[in-house]
Amino acid sequence: MASWIIQTTMMVLSVFIGSSQGKRDQVVYCSACKAIVDELNYSISLVDPKKTINVGSFRLNPDGTIKDKKVPFARSETHLSELLDGVCNSMSDYALHVDPDTQHKQYIRFAPRSSTDTSSFPDFKNFQFDGPEASNVLKFACETVVEELEDDIISVFSQDVENAHEELCNRISDYCRDGSHISEEL
């Protein structure tokens with residue numbers, strides 16, 4: 001009798017634990033991951049490639065020398081950490097886009113990066129602007145992705161991985177599980 005009660009209790013607890021973990025909207029989290037990669041790539045491209053930073057130990061060796069090395073600032077851990085602190089603030093520049101042919105949904109950037117760049121204005125008729133709540137959902141997803149994957153993001157970007165979208169959003173995090181999300185650029 002006691003084993004039956006224990007089994008029933010365990011079954012009920014497993015149902016509650018499984019249902020308490022909310023399902024993540026794959027479109028939102030995949031789009032947030034790709035937006036993070038896009039925003040970081042853009043921010044890194046703005047940094048002078050000749051700029052370097054000293055990294056390493058600043059202790060004196062027995063012979064009186066200091067062992068340190070210079071690395072490019074754009075892909076340094078220090079710079080990437082600073083960029084990650086503010087990357088989610090740009091999520092208000094993204095909106096839900098529905099492809100008219102495939103009905104594929106994803107959040108993509110609708111706002112140009114600068115006031116002089118008017119050539120990249122998208123066709124707004126396929127965007128769904130649902131007010132600030134929609135960008136808040138994407139911003140929350142962005143913050144969650146950054147919190148969960150901060151070390152992996154820094155690792156991918158410091159190594160200058162060629163296809164960071166695929167590496168981070170598909171292989172490492174599995175946010176973009178099916179291949180159709182990963183092949184498209186923001």
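Quick note: numbers below take in every heavy atom, side chains included, and nothing from hydrogens, waters or symmetry partners. What you see is a predicted model; the values in this text were computed from it and never measured.
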### Query
If you round to the nearest 0.5 Å, how far is CD1 of I108 from CZ of F110?
10.5 Å

### Message
I'd like to know if the side chain of T144 reaches the main chain of F140, judged simply by a donor and an acceptor atom lying under 3.5 Å from each other, with no hydrogens or angles considered.
### Response
yes

### Message
Does the plane of the ring in H97 sit parallel, tilted or perpendicular to the ring in F127? Use 30° and 60° as the thresholds.
### Response
perpendicular

## Note on the structure
dist Q106:CD -> H104:NE2 (nearest 0.5 Å) comes out at 4.0 Å

### Task
Nearest 0.5 Å please: distance from the CD atom of E77 over to the CG atom of L84.
10.5 Å

### Task
Could you check I36 against V146 for side-chain contact (heavy atoms from CB on, under 4.5 Å), going step by step and ending with a plain yes or no?
CA-CA 8 Å; I36 290 167; V146 168; 3.7 Å; yes

### Task
Would you name the heavy atoms of D99 and D101 that are closest together and state the gap between them?
OD1-N, 2.8 Å

### Query
Does the pair E39/K34 count as a salt bridge with the N-to-O cut at 4.0 Å?
no

### Query
Once you round to the nearest 0.5 Å, how far does CZ of R109 lie from OH of Y42?
8.0 Å

### Query
Looking just at side-chain N and O atoms, do T78 and E82 make a donor-acceptor pair shorter than 3.5 Å?
no

#### Entry: Smallest separation among heavy atoms of S81 and I154, with atom names
OG-CD1, 3.5 Å

### Message
I want to know whether Y29 and Y175 have ring centres closer than 6.0 Å.
### Response
yes

### Task
May I ask you to check if the distance between the SG atoms of C176 and C33 is under 2.5 Å?
no

### Task
Specify the closest pair of heavy atoms between V37 and A164, including all atoms of both residues, with the distance to one decimal.
CG1-CB, 3.8 Å

### Query
More than 12 foreign heavy atoms under 6.0 Å from CD of E147: is that the case here?
no

## Note on the structure
So CD1 of I153 and CG of L40: to nearest 0.5 Å the spacing works out to 7.0 Å

### Task
Please examine the side chains of K70 and I53, heavy atoms only from C-beta on, and report whether any two atoms are closer than 4.5 Å.
no

### Side-chain heavy atoms of L96 within contact of L138, under 4.5 Å
no

### Query
Out of curiosity, R75 CZ to D160 CG, how far, rounded to the nearest 0.5 Å?
3.5 Å

### Query
Which residues pass the ring-ring contact (aromatic ring centres under 6.0 Å, His included) test with F73, sequence neighbours left out?
H79

### Query
Could you walk me through whether D130 and V137 pass the side-chain contact (heavy atoms from CB on, under 4.5 Å) check?
CA-CA 11 Å; D130 297 331; V137 168; over 6 Å; no

#### Entry: Short N-O contact, D38 and R113, less than 4.0 angstrom
yes

#### Entry: Residue pair I172 / L168: nearest heavy atoms and the distance that separates them
CB-O, 3.8 Å

### Task
Would you confirm whether S31, through its side chain, and V28, through its main-chain N or O, come within 3.5 Å as a donor-acceptor pair?
no

### Query
If you take all heavy atoms of V87 and C142, which pair is closest and at what distance?
CG1-SG, 4.2 Å

